[in-house]
Participant: 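First the structure, then my questions, so here it is.
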Number of protein chains: 2
Amino acid sequence: MKWTELHTESCPVARGLSVIGDRWTMLVIRECFLGVRRFDQMQARLGITRHVLADRLRKLEADGVLRRDAYQDRPLRHEYRLTEKGKALHPILVTLIDWANQNVPTEATPMITLLSRDTERPIRPRLVDEETGAPITHLSVTAKLAE
Amino acid sequence: MKWTELHTESCPVARGLSVIGDRWTMLVIRECFLGVRRFDQMQARLGITRHVLADRLRKLEADGVLRRDAYQDRPLRHEYRLTEKGKALHPILVTLIDWANQNVPTEATPMITLLSRDTERPIRPRLVDEETGAPITHLSVTAKLAE
DNA sequence: GGGGTAAGTTCTCTTTCGGAACCTGTCAAT
DNA sequence: ATTGACAGGTTCCGAAAGAGAACTTACCCC
């Protein structure tokens with residue numbers, strides 16, 4: 001399994017990571033979900049080098065996760081927005097946030113947590129099967145070859 | 001934000017990625033969930049170099065995601081198993097698999113999908129709030145500073 | 001003693017990353 | 001008309017990380 005050929009793997013974990021498995025990529029996605037759309041703003045907020053940021057944005061656009069829209073001509077300027085495919089990454093971000101809050105301690109206060117936009121109350125995510133509503137755990141669900 | 005100091009960030013995305021944000025790490029975790037416990041077996045299945053694999057296993061053990069247990073003396077041999085903290089990564093793996101199956105196409109057949117261990121039927125994961133059961137979407141939930 | 005197994009380590013070479021400076025096109029102020 | 005600022009990159013160089021293969025250690029069996 002070579003990193004450069006990961007996207008052709010049959011394993012969905014490998015294919016997924018070929019898009020978002022990079023060191024910085026999910027942090028760029030986080031910025032997009034927070035509404036950050038411009039190059040310089042992302043660069044300042046993340047502390048990523050401009051070179052690497054330009055490369056990641058190019059790749060994410062090529063993979064259909066971000067869309068590059070012009071917001072002015074003269075000089076021509078673009079902003080980056082999540083596509084539907086990019087918005088579909090939300091559950092990954094949410095489960096990652098929950099895992100880190102439960103398992104990677106920090107002294108930083110106040111902590112950043114998940115909140116309902118409506119009620120402003122904290123959210124604790126849980127995975128269930130869409131069809132049956134049964135909870136999904138590592139004991140109840142596994143990944144296998146489907147016929 | 002420096003990569004080497006990510007674990008002290010207040011943002012849970014950054015802290016989470018400081019543990020699992022590496023190119024190979026989630027693939028190692030996948031192997032663990034599939035029951036692979038030994039160095040050589042992981043190395044052969046992943047095609048990762050031995051050097052990098054040894055490094056990742058060391059880091060994952062240091063982070064408390066994997067436990068290194070001796071399964072024989074003379075010569076001393078260890079195997080790697082998920083800790084509770086490691087098992088807690090299951091939702092991230094599941095959402096990643098689902099996203100990739102829906103959004104990163106492959107010609108490979110048969111495809112690897114999520115199945116219930118009981119019923120052998122396919123599963124489609126969905127995130128809900130543990131307390132209210134309300135679905136979690138990027139419109140309904142956001143991450144904010146908690147007081 | 002030769003070969004096999006398991007878990008690494010060491011070596012060299014190539015790729016990627018970090019950091020800083022530079023470039024381009026436009027506007028606004030001096 | 002020049003200078004400076006802004007936005008979104010690109011270029012350059014040295015440092016760090018990764019790939020690939022060989023080597024090491026400690027045991028067993030033949």
Side-chain angles (χ1 to χ4, degrees), chain A residues 1-9 14 17-28 31-32 35-63 66-81, chain B residues 1-9 14 17-29 31-32 35-63 66-82:
Chain A
M1 194 183 311
K2 295 214 177 82
W3 184 257
T4 51
E5 298 156 14
L6 226 50
H7 53 100
T8 63
E9 285 284 324
L17 291 174
S18 75
V19 179
I20 59 159
D22 184 83
R23 272 187 171 79
W24 286 104
T25 301
M26 280 306 284
L27 289 167
V28 173
E31 293 303 304
C32 292
V36 176
R37 300 197 176 89
R38 308 227 174 139
F39 189 94
D40 276 21
Q41 207 180 348
M42 287 189 191
Q43 198 269 321
R45 289 172 52 97
L46 290 172
I48 188 175
T49 64
R50 308 177 71 78
H51 180 75
V52 173
L53 177 58
D55 181 72
R56 293 304 175 276
L57 290 171
R58 249 193 307 270
K59 282 179 181 162
L60 286 171
E61 193 201 353
D63 286 329
L66 298 181
R67 191 176 40 233
R68 194 156 160 272
D69 290 339
Y71 66 90
Q72 69 171 36
D73 307 332
R74 336 213 4 241
L76 189 56
R77 292 283 180 267
H78 297 93
E79 60 185 12
Y80 298 89
R81 288 165 177 269
Chain B
M1 193 183 311
K2 295 217 176 80
W3 184 257
T4 51
E5 298 157 13
L6 227 50
H7 53 101
T8 62
E9 285 284 325
L17 291 175
S18 76
V19 179
I20 59 159
D22 184 83
R23 273 186 172 77
W24 286 105
T25 301
M26 280 306 283
L27 289 167
V28 173
I29 302 288
E31 292 303 303
C32 293
V36 176
R37 299 197 177 89
R38 308 223 176 141
F39 189 94
D40 275 22
Q41 207 180 347
M42 285 189 192
Q43 198 269 320
R45 288 173 53 98
L46 290 173
I48 188 176
T49 65
R50 308 178 71 79
H51 180 74
V52 173
L53 178 57
D55 183 70
R56 292 306 173 276
L57 290 171
R58 247 193 309 269
K59 283 178 180 161
L60 285 171
E61 193 201 352
D63 286 329
L66 298 182
R67 191 175 40 231
R68 194 157 160 271
D69 290 339
Y71 67 90
Q72 68 171 38
D73 307 332
R74 335 214 4 246
L76 188 57
R77 291 282 180 270
H78 298 94
E79 60 184 12
Y80 298 90
R81 288 164 178 270
L82 291 164

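Every chain is numbered from 1 and lettered A, B, ... according to where its sequence line falls, protein lines coming before strand lines. Below, all heavy atoms of this structure are taken into account, side chains as well, without hydrogens, waters or symmetry copies.
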Participant: So B:Arg77, base contact, sugar-phosphate only, or nothing? Heavy-atom distance under 4.0 Å.
Facilitator: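 The answer is base, as B:Arg77 lies within the cut-off (heavy atoms under 4.0 Å) of a base atom.
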Participant: Between A:Trp3 and A:Gln41, which residue's closest nucleotide on DNA chain D lies nearer the 5′ terminus?
Facilitator: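 In this pair, the answer is A:Gln41.
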Participant: Below 4.0 Å from chain B heavy atoms, what is the first contacting nucleotide of DNA chain C and what is the last?
Facilitator: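 First and last nucleotides in contact are C:dA6 to C:dG19.
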Participant: For A:Asp22, report the nucleic acid contact type (base, sugar-phosphate, nothing); a contact means any heavy atom under 4.0 Å.
Facilitator: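 Sugar-phosphate, no base atom in range.
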Participant: Are any of the side-chain heavy atoms of A:Met42 and A:Val28 separated by less than 4.5 Å?
Facilitator: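 In contact.
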Participant: By nearest heavy atom, map A:Val52 and B:Ala54 onto DNA chain C; which one lands nearer the 5' end?
Facilitator: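 The residue mapped nearer the 5' terminus is B:Ala54.
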Participant: At a heavy-atom distance below 4.0 Å, which nucleotide of DNA chain D is the first touched by chain A, and which is the last?
Facilitator: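 First and last nucleotides in contact are D:dA7 to D:dG20.
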Participant: On DNA chain D, check which nucleotide each of B:Asp55 and B:Leu76 is closest to and give me the residue with the more 5' one.
Facilitator: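 Mapping each residue to its closest nucleotide by heavy atoms, the 5'-most match is B:Asp55.
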Participant: Answer whether the closest heavy-atom distance between the side chains of A:Phe39 and A:Arg50 falls below 4.5 Å.
Facilitator: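 A:Phe39 vs A:Arg50: side chains touch.
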Participant: Side-chain contact, heavy-atom cut-off 4.5 Å: B:Ile29 with B:Leu60?
Facilitator: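 Of all side-chain heavy-atom pairs linking B:Leu60 with B:Ile29, at least one is under 4.5 Å.
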Participant: Main chain of A:Pro75, side chain of A:Gln72: is a donor-acceptor contact present, judged purely on distance under 3.5 Å?
Facilitator: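 Answer holds: yes.
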Participant: Which part of the nucleic acid, if any, lies within contact of B:His51, taking any heavy atom under 4.0 Å across all strands shown: a base, the sugar-phosphate backbone alone, or nothing?
Facilitator: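 Base contact.
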Participant: Are B:Arg38 and B:Tyr71 in a cation-pi contact, defined as NZ or CZ under 6.0 Å from the six-membered ring centre and within 45° of the axis?
Facilitator: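 Relative to the ring axis of B:Tyr71, which defines the angle, B:Arg38 lies inside both limits.
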Participant: Is it the case that the side chain of A:Gln43 and the backbone of A:Ile48 share a donor-acceptor pair, with hydrogens and angles ignored and the cut-off at 3.5 Å?
Facilitator: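 The answer is yes, because a donor-acceptor pair under 3.5 Å joins these two groups.
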Participant: Given B:Asp69 and B:His78, is the side chain to side chain contact (heavy atoms under 4.5 Å, CB included) satisfied, shown in steps?
Facilitator: CA-CA 5 Å; B:Asp69 290 339; B:His78 298 94; over 6 Å; no
Participant: Heavy-atom nearest nucleotide on DNA chain C for A:Arg50 versus A:Trp24: which residue maps closer to 5'?
Facilitator: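 With A:Arg50 and A:Trp24 compared, the 5'-side residue is A:Trp24.
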Participant: Ignoring hydrogens and angles, tell me if any N or O in the side chain of A:Glu79 forms a donor-acceptor pair with the backbone of A:Arg68 under 3.5 Å.
Facilitator: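 No, the answer is negative, given that no donor and acceptor are paired below the 3.5 Å cut-off.
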